[in-house]
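Here is the structure we will look at, set down as structure tokens.
Whatever order the structure lists ligands and atoms in, that order sets their numbers, starting from 1. Hydrogens, waters and symmetry mates play no part in the numbers below; they use all other heavy atoms, side chains included.
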Amino acid sequence: MSTRHFLTLFDASPAELRGILERAIELKGMTARGEIYEPLKNRTLAMLFEKSSTRTRVSFEVGMAQFGGHALFLSPKDTQIGRGEPVEDTAVVLSSMVDVIMVRNHSHAILEEMAAHSRVPVINGLTDRFHPCQLLADMQTWWEHRGDIAGATVAWIGDGNNMCHSYINAALQFGFKLNIGCPAGYLPDADVLEKGGSSVSVMHDPRDAVSGADLIVTDVWASMGDEAEYDQRMSDFAGFIVDEALMKLAHKDALFMHCLPAHRGEEVSAEIIDGPQSVVWDEAENRLHAQKALLEFLLAPNR
Ligand code: CP
Ligand code: NVA
């Protein structure tokens, strides 16, 4: 049987994704009750981080510890991959010793190369193109607050970046309508958008995108790797802040999500992210539970 990876949300079927979310909610309850459950005893996760992280690193590491396994933090600064060892060789060697590999790097193509040469599952912990683990947490959070997201309207406000791409994939996999409100010049990649088909609409006025929406989502205007464009982006994204005036145009019980880290006063106002419609802390915590469900799905499917 070929090795199962999780590089985008299309690496699991809609039914499997729903199963992962249901299991994440069960695992969250078990953890809250203090139940010991160790399906990954003696199993090891290698985590390769080319970019910074708080949530992704901590949630994977804690998840493996709670499952009775172990997680290794590896960075290019102190491994041979940072000195030019081929990705292919790294994948072969790591997968001869560990049971699963998580990668956070700039290039999605390199992640795919890693997966192509790995004998164990490879998980995307964020690339320049996609952030599927964050979507598991976001969808779990919606499920806990509102139930099934199928048929709902989600507004993505801001950059057509890796998170936006994963929302486009999620619109298809979870059956919601996605309005993308982004400035001209910051559209999602054409191939990703095309795949979204009629589930996705692009609008250049954020007010049109949020109108009647059930969930408003945003992200930083300058992602990791975009730092040199910071000043230009701040001026290009002016008017795209999610603030009270914009939220008022959404459904009155709409929720607000942000993958974090956030910049209050840039893409979101403090009154919204710290206000009653925001579920960002649940969203962040759910990284742990959703990824535990993902690890179990990949490594211990017959638990
Ligand atoms: N949302 C997210 O991936 O956070 P980190 O960059 O802290 O991992
Ligand atoms: N779009 C952001 C997400 C951070 C979790 C970035 O890539 O930096």
Side-chain angles (χ1 to χ4, degrees), residues 6-9 24 45-64 71 73-76 101-111 123-142 156-170 178 180-183 186-189 192 215-230 232-234 236-237 240-242 256-264 266-268 273 278-292 294-295:
F6 189 69
L7 308 188
T8 77
L9 288 174
L45 164 71
M47 307 187 295
L48 261 174
F49 278 98
E50 192 178 86
K51 296 180 178 179
S52 306
S53 169
T54 298
R55 283 145 286 270
T56 305
R57 177 180 176 178
V58 174
S59 54
F60 271 109
E61 198 161 331
V62 170
M64 283 304 287
F73 174 79
L74 304 169
S75 93
I101 299 170
M102 188 238 82
V103 182
R104 166 168 286 198
N105 69 346
H106 288 284
S107 160
H108 192 78
I110 288 192
L111 174 76
I123 297 172
N124 179 357
L126 179 148
T127 63
D128 55 355
R129 293 259 290 169
F130 299 104
H131 195 5
C133 289
Q134 182 67 52
L135 263 291
L136 294 181
D138 288 21
M139 294 299 101
Q140 179 189 342
T141 306
W142 177 273
W156 173 269
I157 304 300
D159 193 10
N161 64 12
N162 46 7
M163 275 296 300
C164 178
H165 286 172
S166 282
Y167 261 93
I168 294 171
N169 293 350
L178 181 66
I180 299 174
C182 64
Y186 293 96
L187 261 65
D189 291 351
V192 179
L215 170 63
I216 314 302
V217 193
T218 190
D219 186 13
V220 291
W221 290 341
S223 285
M224 290 181 277
D226 295 333
E227 290 80 2
E229 299 171 12
Y230 183 84
Q232 182 64 49
R233 283 172 171 262
M234 290 310 112
D236 292 345
F237 283 95
F240 283 77
I241 183 170
V242 178
F256 171 78
M257 292 191 197
H258 188 310
C259 63
L260 307 178
H263 294 94
R264 288 168 176 77
E266 290 180 14
E267 74 276 6
V268 62
I273 195 168
S278 172
V279 289
V280 297
W281 308 124
D282 292 339
E283 188 187 356
E285 180 190 329
N286 284 339
R287 293 293 303 279
L288 169 64
H289 310 296
Q291 287 158 201
K292 283 172 71 181
L294 174 67
L295 287 165

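A donor-acceptor contact shorter than 3.5 Å links the side chain of S166 to the backbone of H131. With Q140 contributing its side chain and D138 its backbone, the two residues share no donor-acceptor pair below 3.5 Å. A donor-acceptor pair is defined here as one N or O able to donate and one able to accept, closer than 3.5 Å; no such pair exists between the side chain of E266 and the backbone of V220. With H106 contributing its side chain and E50 its backbone, the two residues share no donor-acceptor pair below 3.5 Å.
The closest approach between K51 and ligand 1 stays at or above 4.0 Å for every heavy atom of the residue. Between T56 and ligand 2 there is no heavy-atom distance shorter than 4.0 Å.
Set against the non-hydrogen atoms of L260, the atoms of ligand 2 under 4.0 Å away are 5 (C). Short contacts between ligand 2 and D219, defined as distances under 4.0 Å to a heavy atom of the residue, involve ligand atoms 1 (N), 2 (C), 3 (C). Atoms of ligand 1 found under 4.0 Å from any heavy atom of T54 (numbered from 1 in listed order, with element): 5 (P), 7 (O), 8 (O). Within ligand 1, counting atoms from 1 as listed, the ones closer than 4.0 Å to a heavy atom of C259 are 1 (N). Against a heavy-atom cut-off of under 4.0 Å, L126 is close to the following atoms of ligand 2: 3 (C), 4 (C), 5 (C), 7 (O).
Looking at ligand 1, you won't find any N or O of R57 less than 3.5 Å from one of its N or O atoms. Taking any N or O of R104, backbone or side chain, none lies under 3.5 Å from an N or O belonging to ligand 2.
Within the 4.0 Å heavy-atom criterion, the part of L260 lying near ligand 1 is the backbone and not the side chain. Contacts with ligand 2 closer than 4.0 Å are made by side-chain heavy atoms of N162 only, the backbone lying farther away. With a 4.0 Å cut-off on non-hydrogen atoms, H131 touches ligand 1 through its side chain and not its backbone.
Paired with H289 under the rule side chain to side chain donor-acceptor pair (under 3.5 Å), one option of E285, Q291, R287 passes, and it is E285. Tested against R104 for a side-chain contact (heavy atoms from CB on, under 4.5 Å), the candidates S75, C133, S53 yield a single pass: S53. Of the listed residues (V103, L126, N124), just one forms a side-chain contact (heavy atoms from CB on, under 4.5 Å) with H108, and that residue is N124.
Taking atom 8 (O) of ligand 2 as the reference point, the nearest protein heavy-atom neighbour is M224 N, 2.8 Å. At the top of the distance list for atom 2 (C) of ligand 1, counting protein heavy atoms only, stands R287 NH1, 3.3 Å. Nearest protein heavy-atom neighbour of atom 4 (O) of ligand 1: R55 NE, 2.8 Å. Among protein heavy atoms, atom 6 (O) of ligand 1 sits closest to R104 NH1, 2.8 Å.
Taking the side chain as every heavy atom from C-beta outward, L215 and Y167 approach each other to under 4.5 Å.
Taking all heavy atoms of S59, S223, S53, A137 into account, the minimum distance to atom 8 (O) of ligand 1 is reached by S53.
Nearest heavy atoms, T56 versus S59: O-OG, 3.2 Å. In plain terms, the two heavy atoms of V192 and I168 that are nearest each other are O-CG2, 3.5 Å.
Counting only N and O atoms by type, the side chains of T141 and N286 include a donor and acceptor under 3.5 Å apart.
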